Amino acid sequence: MNVTATTIEVFAQQLKSRTTVVQMVESFFLLMINLVSFLGNLLLGIAVIKNPNLRRTIPNMYIISLAVSDFLMSLLGTPFSVASLITGKWPFNNLTCQFQGFWILFMCAVSLQTLAVTAVNRYFRVVRSRGLYQKIFNMKTTKITIAILWIMALFAPLPYVVAGHDFFFHTGKVFCAHNAESLHGGYGAYLVLVYVAIPLIIILTCYTRVFIAVRKHNLNFRPRIRSSCKSGKNSSNSCLSVAEVNVTYILLVVVIGFLTCWTPVLVIDMIDFINGDWKLKRPVYVSYNCLATASTSLNPIIYGVMNRTFRSEYLKIFAIFKRNRYFRVVRSHLLYQKSST
């Protein structure tokens, strides 16, 4: 306990005594990452609201769920860390710290579980038969699954709170986190197993099978297979449409992006768990925070680049803003001319 407290105190002193350049660079990077996440997921949400067709496919329902969790993280989670980097301390009260600690665990659990369920969806669509997929996955069951998923995610932070533990401001990671004692009391094993290990195993297993199946489909695809699909004679994964293959690739890229950001985070957490203390350098923990936040900003960019429908909606929204800005400039110019005469 004393070693941990001393480590946190050292980080606190380092956070407070940073040079102006370091303070500006750290604050700027996390602020920009969070701004991209906020605006990107907001843009995706507006696109979904404006185009009802985007809400009519099962894969898009998972995309929307993931975007909501990422948006809520950028709105109610990360801004507190940005403010802490700017001020060099936790500038809010203890209740806000408890909220942030709870919220971060909640949103992270939602994201990982959503990706795991999405992987299962792609497995049944690509690897198993079309008939089985249609029997298991429909819009009603998908919405129920997403609702259950969000409820289950609440049980990531709830046991910690119910056990009477408080979140504390981690001066290295610059956000409110659970204490080291709770990790060694069984809660850490529960958190890692249920909300990290199991979802990751599901994601890796399902997408490995999916990748093999899609590759085999692309190699073996022939016009006669295409005609048999159209006639309904074939219900296996050889009947995958170009759109289904594209959706699968997009979701695979989403998972790769997520794992790219979170693998270093998980490695750092594992090192800390083994050491029983936070013995790494403070810049490593600041990078930890930035990488975790960056994972929430990637998805709107991926959809915009790889999905034609989302890209089209993005461009329409940008066109509206551009046109409104043009009208405001013209209106201001006309009012100026009128007042000058």
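Since this is a predicted model, take the numbers as computed values, not measurements. The figures here come from the full heavy-atom set of this structure, side chains too, leaving out hydrogens, waters and symmetry mates.
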ask   = Ring centroid separation for Tyr133 and Phe137, is it under 6.0 angstrom?
value = yes
task = Decide whether Phe175 and Val82 are clustered together by the hydrophobic rule: side chain heavy atoms of Ile, Leu, Val, Met, Phe, Trp, Tyr closer than 4.5 Å, transitively.
result = yes
query = When rounded to the nearest 0.5 angstrom, what is the spacing between CD in Gln14 and CZ in Arg282?
reply = 6.5 Å
query = Do Ser81 and Gln100 meet the criterion of a side-chain donor-acceptor pair at a distance under 3.5 Å?
reply = yes
Exam field: side chain Gln23 to backbone Ile86, donor-acceptor pair closer than 3.5 Å = yes
inquiry  = Testing the basics here: between Val126 and Val210, what is the closest heavy-atom pair and its distance to 0.1 Å?
reply    = CG1-O, 4.0 Å
query = More than 12 non-hydrogen atoms from neighbouring residues, nucleotides or ligands closer than 6.0 Å to CE on Met32, yes or no?
reply = yes
message = Would you say CE of Met270 has more than 12 non-hydrogen atoms from neighbouring residues, nucleotides or ligands within 6.0 angstrom?
response = no
Can you give me every donor-acceptor pair (side chain of residues 142-153, partner residue at least two apart or in another chain, under 3.5 Å) with its distance?
residue : atom : partner : partner atom : Å
Thr142  : OG1  : Asn138  : O            : 2.7
Thr145  : OG1  : Thr141  : O            : 2.7
Trp150  : NE1  : Ser65   : OG           : 3.0

note = Smallest heavy-atom separation, Ala119 atom then Ile203 atom, equals CB-CA, 3.9 Å
request  = Give a yes or no answer on whether the side chain of Arg125 reaches the backbone of Arg130 with a donor-acceptor pair at less than 3.5 Å.
outcome  = no
message = Hydrophobic clusters here meaning ILVMFWY residues chained together by side-chain heavy-atom distances under 4.5 Å, can you tell me if Tyr195 and Val162 are in one?
response = no
ask   = Counting distance only, does the side-chain N/O of Ser297 pair as donor-acceptor with the main-chain N or O of Ala294 below 3.5 Å?
value = yes
note = When every non-hydrogen atom of Met139 is compared with those of Arg55, the smallest separation belongs to CE-O, 3.9 Å
remark   = In short, Leu251 meets Pro59 closest at the heavy-atom pair CD1-CB, 4.3 Å
key: Working for side-chain contact (heavy atoms from CB on, under 4.5 Å), residues Thr57 and Met61   = CA-CA 7 Å; Thr57 67; Met61 293 303 296; over 6 Å; no
key: Any side-chain donor near an acceptor of the partner, Asn121 and Thr118, under 3.5 Å   = no
message = If you take the centroid of each ring, where Trp contributes its six-membered ring, are His178 and Phe167 closer together than 6.0 Å?
response = no
inquiry  = If I take atom CG from residue Leu15 and atom OG1 from residue Thr87, how far apart are they, to the nearest 0.5 angstrom?
reply    = 7.5 Å
Residue pair Val10, Gln13: steps toward the side-chain contact (heavy atoms from CB on, under 4.5 Å) verdict = CA-CA 5 Å; Val10 169; Gln13 184 59 39; 5.8 Å; no
query = Between Glu26 and Arg18, does at least one N-O distance fall below 4.0 Å, as a salt bridge requires?
reply = yes
key: Taking every non-hydrogen atom, the tightest pair across Ala292 and Val265   = N-CG2, 4.2 Å
Residues, nucleotides or ligands: over 12 heavy atoms within 6.0 Å of Phe29 CZ = no
inquiry  = A side-chain contact here means heavy atoms from C-beta on lying under 4.5 Å apart; do Val254 and Leu298 qualify?
reply    = no
request  = For His165 and Asn179, work out which heavy atoms get closest and say how close.
outcome  = ND1-ND2, 3.9 Å
message = What I'd like to find out is whether the side chain of Leu291 reaches to under 4.5 Å of the side chain of Trp262, using heavy atoms alone.
response = no
ask   = Taking the side chain as C-beta and beyond, is there a heavy-atom pair between Tyr314 and Ile46 under 4.5 Å?
value = no
ask   = Just wondering, do Pro199 and Leu115 contact through their side chains at under 4.5 Å, heavy atoms?
value = no
Side-chain donor/acceptor of Asn60 to backbone N/O of Leu54, under 3.5 Å = yes
query = Between Trp90 and Ser84, does any side-chain donor sit less than 3.5 Å from a side-chain acceptor?
reply = no
task = Would you confirm whether the ring centroid of Trp278 sits within less than 6.0 angstrom of the ring centroid of Phe168?
result = yes
inquiry  = Working note: Asp272 + Tyr285, criterion side chain to side chain donor-acceptor pair (under 3.5 Å); need CA distance, chi angles, decisive distance, verdict.
reply    = CA-CA 11 Å; Asp272 291 340; Tyr285 292 115; 2.7 Å; yes
ask   = Going hydrophobic residue to hydrophobic residue with side-chain gaps under 4.5 angstrom, can you get from Ile302 over to Leu315?
value = no
query = Thr309 versus Asn53: any side-chain heavy-atom pair under 4.5 Å?
reply = no
key: Spatial distance of atom CG (Leu259) from atom OH (Tyr207) [nearest 0.5 Å]   = 10.5 Å
request  = Can you measure from OH (Tyr249) to CD1 (Ile256) and round to the nearest 0.5 angstrom?
outcome  = 10.5 Å
request  = Test Asn34 against Leu30 for side-chain contact (heavy atoms from CB on, under 4.5 Å), laying out the working first.
outcome  = CA-CA 6 Å; Asn34 195 57; Leu30 190 60; 5.6 Å; no
query = Are Met107 and Ile33 joined in one hydrophobic group, where the rule is that I, L, V, M, F, W and Y side chains link up if heavy atoms are under 4.5 Å apart?
reply = no
Side-chain (Thr205) to main-chain (Ile202) donor-acceptor, under 3.5 angstrom = no
request  = Give a yes or no on whether Leu191 and Val196 share a hydrophobic cluster (residues Ile, Leu, Val, Met, Phe, Trp, Tyr; joining criterion: side-chain heavy atoms under 4.5 Å apart).
outcome  = yes
query = How long is the span from the CG atom in Leu105 to the SG atom in Cys176, to the nearest 0.5 Å?
reply = 11.0 Å
query = Would you say Phe310 and Val48 make side-chain contact, with heavy atoms under 4.5 Å?
reply = yes
request  = Please state whether the rings of Phe80 and Phe99 are parallel, tilted or perpendicular, taking 30° and 60° as the class boundaries.
outcome  = perpendicular
Stepwise side-chain contact (heavy atoms from CB on, under 4.5 Å) check, Thr114 with Ser69 = CA-CA 10 Å; Thr114 301; Ser69 68; 5.7 Å; no
ask   = Does a side-chain heavy-atom distance below 4.5 Å link Lys173 with Phe11?
value = no
ask   = Taking atom CD1 of Ile58 and atom CZ of Arg122, what is their separation to the nearest 0.5 Å?
value = 8.5 Å
request  = Please indicate whether Phe92 has more than 12 foreign heavy atoms, meaning atoms of other residues, nucleotides or ligands, lying under 6.0 Å from its CZ.
outcome  = yes
task = Classify the ring geometry between Phe106 and Trp103 as parallel (under 30°), tilted (30 to 60°) or perpendicular (over 60°).
result = perpendicular
message = Within the structure provided, determine whether Gln98 and Asp166 are in side-chain contact (heavy-atom separation under 4.5 Å).
response = yes
Residues 36-44, side-chain donor-acceptor partners within the protein, below 3.5 Å, at least two apart:
residue : atom : partner : partner atom : Å
Ser37   : OG   : Asn41   : ND2          : 3.4
Ser37   : OG   : Thr296  : O            : 3.3
Ser37   : OG   : Thr296  : OG1          : 2.8
Asn41   : ND2  : Ser37   : O            : 2.8
Asn41   : ND2  : Thr296  : O            : 2.9

